[in-house]
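Taking it in order: structure first as structure tokens, then the write-up.
Here is how names work: the chains are called A, B, and so on, in the same order as the sequence lines, proteins then strands, and each is numbered from 1.
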Protein chains: 2
Amino acid sequence: MKRNPDQTRQSLLEAAFGEIHRHGFQAASIGQILSDTGLTKGALYHHFPDKKALGLAVIDDVIRPRFTAWHLDPIRTSPFPLAALRAVIVSRRDEVDAAYIALGCPINNLMQEMSPLDEGFRAALTALVNEWQETLVAGLRYAQTTGELRDGVDPAQAALFIVSSIWGCIGVAKSLQSLETYRACLTQLVNYLDTLKGGTSCP
Amino acid sequence: MKRNPDQTRQSLLEAAFGEIHRHGFQAASIGQILSDTGLTKGALYHHFPDKKALGLAVIDDVIRPRFTAWHLDPIRTSPFPLAALRAVIVSRRDEVDAAYIALGCPINNLMQEMSPLDEGFRAALTALVNEWQETLVAGLRYAQTTGELRDGVDPAQAALFIVSSIWGCIGVAKSLQSLETYRACLTQLVNYLDTLKGGTSCP
DNA sequence: TGAGGATAATACCGACCGGTATGGATGTGT
DNA sequence: ACACATCCATACCGGTCGGTATTATCCTCA
């Protein structure tokens, strides 16, 4: 049998991500991850000391890169951060499928489940969220200097509300298991974003 | 030993509610519930056929009455539903304590956890949420007839956004384990509500 | 080519879980 | 006071879980 430790580790991470996404961390079954990958406990516990380390590695090596690519890089690189944010949200609204809605946002799921229970998870996930929020704040601030975002909007509070709304949307949609609700809800958020544009004079 | 079946059942429900609130339904331990109450499995499985039935009973007999009293009755009975809604949110913002934020909203927690897994839970909780949403829609519609809510607002979409925002607020606050975040977030929502008042002309 | 570390498979453990079978205690109708 | 249903305690079961100890296999490098 050919060996490939890196790929072994990677496939363990992918399978763990899927299992955690489907059942949450606590209910995620080591046995299921192993049968998904065709591996055994020897492989898993060689690469990870215990289940918690596996979970944290999933956050660092699977969730974080995807999230950064999807939600952070576009805001950071665009000369029009507000428009970029709007585009990200619109694309999420239009492209996400029912299966994703059924399971919900992996980050949100993990935070909801683990934040009250484990400090390690809380710290890792909070770091991600803070990065998100800081990216939004920086983007909004910059948008304000270019006039893309109107004055009178507090970037920090707006960023908080945006984060909260996005999680609210996906939370409600997951709760109701309804893709339509998700889209309607995000549409409302897009409307809110449009009220932040420069040129208008409304609160 | 004196007997009191109703109280036995009630204390089981209360303990189950606490245990589920702390650990979620799947991770809620029957043994812990029993040691909390000082009862044994004989009592529990006399009153409830299995764990799922216990969970559903918690929803019906503990969660629903509290939720109705807190969030539904004020909207339904007030002649100024928008103001009543605002008052409810403000009071939640100001009175909720850190322990509650740490654990999150019991309804939201349960929906997030169980909706994808079990149709019975999903149905029971969806019924609650629909009741909430319909109450809000009815209230907003009525407020529109009295001029409390300005025209041009779609009550259904606004209600959806309000529900989503509230869950977003408590979700973010629980994730960050931060009471301050909760308050800041709900303040943003109150601001949003104030933009819905009649008399103003902004979108 | 052979030694030794890296990698993975197998078998097994104790703990805990939800659930059941049984029997004893308590209340109730007659 | 007796029969009977309600109510609850106790002991136990099969199954699953995360984790460990041991052993086998592969790769690397001297």
Side-chain angles (χ1 to χ4, degrees), chain A residues 1-59 61 109-110 113-114 117-121 124, chain B residues 1-59 61 109-110 113-114 117-121 124:
Chain A
M1 198 58 186
K2 278 187 59 176
R3 278 190 160 164
N4 195 335
D6 291 347
Q7 177 175 331
T8 296
R9 184 189 143 96
Q10 195 58 33
S11 64
L12 283 169
L13 285 173
E14 301 277 359
F17 170 78
E19 177 70 5
I20 292 173
H21 196 195
R22 279 187 294 273
H23 304 301
F25 176 76
Q26 299 180 89
S29 165
I30 297 284
Q32 187 60 50
I33 293 171
L34 295 176
S35 71
D36 284 352
T37 56
L39 295 167
T40 59
K41 293 197 173 182
L44 199 162
Y45 284 95
H46 172 74
H47 287 280
F48 306 96
D50 54 23
K51 189 185 180 185
K52 177 178 171 180
L54 175 63
L56 294 177
V58 165
I59 294 175
D61 299 342
N109 291 354
L110 267 179
E113 180 189 4
M114 298 305 295
L117 301 179
D118 186 279
E119 179 56 27
F121 277 90
Chain B
M1 200 57 186
K2 278 187 61 176
R3 277 190 162 168
N4 195 335
D6 291 348
Q7 177 177 331
T8 296
R9 184 189 143 97
Q10 196 59 33
S11 64
L12 283 170
L13 286 173
E14 300 277 358
F17 170 78
E19 176 71 4
I20 292 172
H21 195 194
R22 279 186 294 273
H23 304 301
F25 176 76
Q26 298 179 91
S29 162
I30 298 284
Q32 187 61 49
I33 294 171
L34 295 176
S35 70
D36 283 351
T37 57
L39 295 168
T40 59
K41 294 198 172 181
L44 200 162
Y45 285 95
H46 173 73
H47 287 280
F48 306 96
D50 54 22
K51 189 186 180 185
K52 176 178 171 180
L54 175 62
L56 294 177
V58 165
I59 294 175
D61 299 342
N109 291 354
L110 267 179
E113 180 189 3
M114 298 304 295
L117 301 180
D118 187 279
E119 179 57 27
F121 277 89

Spacing of L12(A) atom CG relative to dA8(C) atom C1', expressed in whole Å: 11 Å
Rounded distance (Å) that lies between atom P of dG18(C) and atom CG of L44(B): 10 Å
Short side-chain N/O contact from H47(A) to OP1 or OP2 of dA8(C), under 4.0 Å: yes
Spacing of N4(B) atom CG relative to dA25(C) atom P, expressed in whole Å: 21 Å
Between N or O atoms, less than 3.5 Å apart, protein on one side and nucleotides 20-23 of chain C on the other: list the pairs.
none

Sugar-phosphate, base or nothing in reach of A27(A), heavy atoms under 4.0 Å: nothing
Spacing of L117(B) atom CG and H23(A) atom NE2 [to the nearest 0.5 Å]: 7.5 Å
Rounded distance (Å) that lies between atom P of dA24(D) and atom CG of L39(A): 20 Å
Atom-to-atom span, CG of D6(A) to C1' of dA8(C) - whole angstrom: 15 Å
Heavy-atom side-chain contact between Q10(B) and L13(B) under 4.5 Å: yes
Nearest-nucleotide pick for K51(A), side chain only, options being dG19(D), dC7(D), dA8(C): dG19(D)
H46(A) side chain near dA9(C) phosphate (N/O to OP1/OP2, under 4.0 Å): no
Atom CD of E119(B): over 12 foreign heavy atoms under 6.0 Å: yes
Distance in angstrom units between F48(A) CZ and dT20(D) P, rounded: 16 Å
Per P5(B) side chain, nearest of listed nucleotides dA9(D), dT10(C), dC7(D): dC7(D)
Separation of dC17(D) P from F25(A) CZ (nearest whole Å): 14 Å
T8(A) side-chain N/O to dT7(C) phosphate OP1/OP2 under 4.0 Å: no
Exercise: do Q26(A) and Q26(B) side chains pair donor with acceptor under 3.5 Å: no
Donor-acceptor pair (no angle test) under 3.5 Å: R3(B) side chain, dA25(C) base: yes
S29(B) backbone acceptor or donor facing E19(B) side chain under 3.5 Å: yes
Pair Q32(B), D36(B): side-chain N/O donor-acceptor within cut-off below 3.5 Å: yes
For atom CG of L34(B) and atom P of dC16(C), their distance in whole Å: 15 Å
Pi-cation contact, F25(B) with K52(B) (under 6.0 Å, within 45°): no
Distance below 4.0 Å between S29(A) side-chain N/O and dT16(D) OP1 or OP2: no
Proximal nucleotide (of dG18(C), dG18(D), dA9(D)) relative to the I30(B) side chain: dG18(C)
